[in-house]
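Heads up: the structure comes next, in structure tokens.
These figures come from a predicted structure and were not determined experimentally. Numbers for residues simply follow the sequence, beginning at 1.
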Amino acid sequence: MLIHVPADRQKIYGISILRDNWVHIPGYGASKINASLEVGGTPLVVRTVESLLGTHIDHTVMLDFNGFKTLTDGLGGIDVNVTFPFTASFETHHVFPAGVNHLDGQAALEFVRERYSFVDGDYQRVRNQQTFLRALLVKLSGGVQTPAGVLGLVNFAVNDLTVDQGFDPASVAILAYGLRTVDPGASVFFTLPTAGTGTSPDGQSIVLPDYAGIAEVAAALRDGTLPEYAVAHGY
């Protein structure tokens with residue numbers, strides 16, 4: 001997910017990129033976009049997304065599953081509104097009824113990872129991930145009010161957090177503290193446009209990029225017109 005944080009810190013924009021998008025990976029060739037992590041680590045993920053969207057990425061943050069659970073539990077859990085009830089297909093098989101669910105770390109991990117319960121698979125999964133991040137913003141804006149408090153949470157999971165050079169846990173905490181003024185209701189999350197699904201030349205099930213739609217997103221990022229783009233597309 002690409003996160004754009006405007007300078008005024010009043011809202012954030014989250015752009016989910018489906019992992020099966022069949023794109024050009026610099027120096028590697030055509031493949032699913034998530035292959036960039038496998039063959040070149042985080043730096044190649046950055047180069048691939050930058051190439052796809054024509055934008056510069058300042059920082060990267062990657063949290064493993066244990067860290068995800070640790071941070072969620074450290075916040076006292078997260079409340080999410082489940083609009084599509086389901087039961088997770090793995091681990092504890094957590095049941096997610098419709099309505100507001102209070103999730104601890106394990107349940108939250110199953111919430112953001114599940115895809116087999118949905119007809120549209122990864123599309124609903126990224127919508128759930130967006131729901132989780134919006135709920136995380138609610139928690140940050142309402143419950144974590146000091147830099148020390150946020151730094152304590154980050155340090156709690158520091159062994160599970162991977163960041164780019166020069167972006168240490170303290171920097172992550174400073175950014176998170178800065179987001180306490182974000183209005184979660186005004187923040188915008190959407191999925192990078194796709195042109196449906198298909199099959200790659202080597203027989204893999206893939207997502208086809210909508211390059212015209214992607215070009216619109218790239219232009220909005222470049223020109224600082226994401227607010228106008230979001231309104232025009234009903235986000």
- Polar side-chain atom of S187 near backbone of I12 as donor-acceptor pair, under 3.5 Å: yes

- Task: Scan residues 83-112 for pairs that pass ring-ring contact (aromatic ring centres under 6.0 Å, His included), counting only residues two or more places apart or in two chains.
- Result: F84-F118, F86-F96, F86-F118, H94-F96, F96-F111

- Going through the checks in order, is the side-chain hydrogen bond (donor to acceptor under 3.5 Å, both in side chains) test met by E110 and T92? CA-CA 8 Å; E110 293 180 39; T92 72; 2.5 Å; yes

- Just by modelled atom types, is the A170 backbone N or O under 3.5 Å from a matching donor or acceptor in the D168 side chain? yes

- Does anything in residues 43-65 pair up under ring-ring contact (aromatic ring centres under 6.0 Å, His included), and if so which pairs, sequence neighbours excluded? H59-F167

For residues 30-44, which side-chain N or O atoms pair as donor and acceptor with protein atoms under 3.5 Å away, sequence neighbours left out?
{"unit_1": "K32", "atom_1": "NZ", "unit_2": "S205", "atom_2": "O", "d": "3.1"}
{"unit_1": "S36", "atom_1": "OG", "unit_2": "I33", "atom_2": "O", "d": "2.6"}

- Go through the structure and list residues passing side-chain contact (heavy atoms from CB on, under 4.5 Å) with A186, not counting sequence neighbours. K11, D183

- Item | Criterion salt bridge (charged side-chain N to carboxylate O under 4.0 Å, His left out) on D64 and K69, from CA distance to verdict | CA-CA 9 Å; D64 69 16; K69 293 190 291 186; over 6 Å; no

- Check whether L75 and L133 end up in the same hydrophobic cluster, where Ile, Leu, Val, Met, Phe, Trp and Tyr are linked by side-chain heavy atoms less than 4.5 Å apart. yes

- Is it true that Y229 and Y13 have ring centroids separated by less than 6.0 Å? no

- Going by atom types alone, do T131 and N128 pair a side-chain donor with an acceptor below 3.5 Å? no

- Single-linkage hydrophobic cluster V182~F132, side-chain heavy atoms < 4.5 angstrom: yes

- E228 side chain to V231 backbone, donor-acceptor under 3.5 Å: no

- Message: Let's go through Q124 and E114 carefully: what are the C-alpha distance in whole Å and the side-chain angles of both, what is the deciding distance for side chain to side chain contact (heavy atoms under 4.5 Å, CB included) to 0.1 Å, and is it a yes or a no?
- Response: CA-CA 9 Å; Q124 181 61 42; E114 179 60 35; over 6 Å; no

- Query: Quick one: does T194's side chain get under 4.5 Å of P209's, heavy atoms only?
  - Reply: no

- Task: Verify side chain to side chain contact (heavy atoms under 4.5 Å, CB included) between V45 and T60, making sure each step is shown before the conclusion.
- Result: CA-CA 10 Å; V45 176; T60 59; over 6 Å; no

- Message: Which residues end up grouped with L208 if you chain together Ile, Leu, Val, Met, Phe, Trp and Tyr wherever their side-chain heavy atoms are less than 4.5 Å apart?
- Response: W22, I206

- Query: Would you say the side-chain atoms of Q10 pair up with the backbone N or O of D8, donor to acceptor, closer than 3.5 Å?
  - Reply: yes

- Task: Report the C-alpha distance between N21 and I17 in whole Å, list the side-chain angles of each, state the deciding distance to 0.1 Å, and finish with yes or no for side chain to side chain contact (heavy atoms under 4.5 Å, CB included).
- Result: CA-CA 8 Å; N21 268 290; I17 303 172; 3.9 Å; yes

- Query: Residues in side-chain contact (heavy atoms from CB on, under 4.5 Å) with T162, at least two apart?
  - Reply: M62

- Residues forming a salt bridge (charged side-chain N to carboxylate O under 4.0 Å, His left out) with D73, sequence neighbours excluded: none

- Message: Between E50 (side chain only) and I57 (backbone N and O only), is there a donor and an acceptor less than 3.5 Å apart?
- Response: yes

- Query: Does any non-hydrogen side-chain atom of L136 lie less than 4.5 Å from one of I78?
  - Reply: yes

- Message: If hydrophobic clusters are built by linking Ile, Leu, Val, Met, Phe, Trp and Tyr wherever their side-chain heavy atoms come under 4.5 Å apart, do V172 and V46 end up in the same one?
- Response: no

- For the residue pair Q130 and S16, confirm or rule out a side-chain donor-acceptor distance under 3.5 Å. yes

- Using 4.0 Å as the upper bound for N to carboxylate O, is an ion pair formed by R127 and D120? yes

- Could you tell me which residues satisfy salt bridge (charged side-chain N to carboxylate O under 4.0 Å, His left out) with R115, sequence neighbours excluded, listed by chain and number? none

- Contacts of T55 meeting side-chain hydrogen bond (donor to acceptor under 3.5 Å, both in side chains) (sequence neighbours excluded), chain-then-number -> none

- Query: If you group Ile, Leu, Val, Met, Phe, Trp and Tyr by side-chain heavy-atom gaps below 4.5 Å, do L161 and L71 land in one group?
  - Reply: yes

- Task: Start with the C-alpha gap between I214 and L192, add the side-chain angles, then the distance that decides, and say whether side chain to side chain contact (heavy atoms under 4.5 Å, CB included) holds.
- Result: CA-CA 7 Å; I214 291 172; L192 195 68; 3.8 Å; yes

- Query: Checking D104 side chain against A107 main chain: does a donor-acceptor pair fall under 3.5 Å?
  - Reply: yes

- Message: Side-chain heavy atoms under 4.5 Å apart, restricted to Ile/Leu/Val/Met/Phe/Trp/Tyr: what other residues fall into the cluster of V126, or is it alone?
- Response: L18, Y123, V207

- Message: Going by side-chain hydrogen bond (donor to acceptor under 3.5 Å, both in side chains), name the residues that satisfy it together with D202, two or more places apart in sequence or in a different chain.
- Response: S200, Q204

- Message: Under the rule for salt bridge (charged side-chain N to carboxylate O under 4.0 Å, His left out), what residues qualify as partners of R47, not counting sequence neighbours?
- Response: none

- Message: If hydrophobic clusters are built from ILVMFWY residues whose side chains come within less than 4.5 Å, do L2 and V188 share one?
- Response: yes

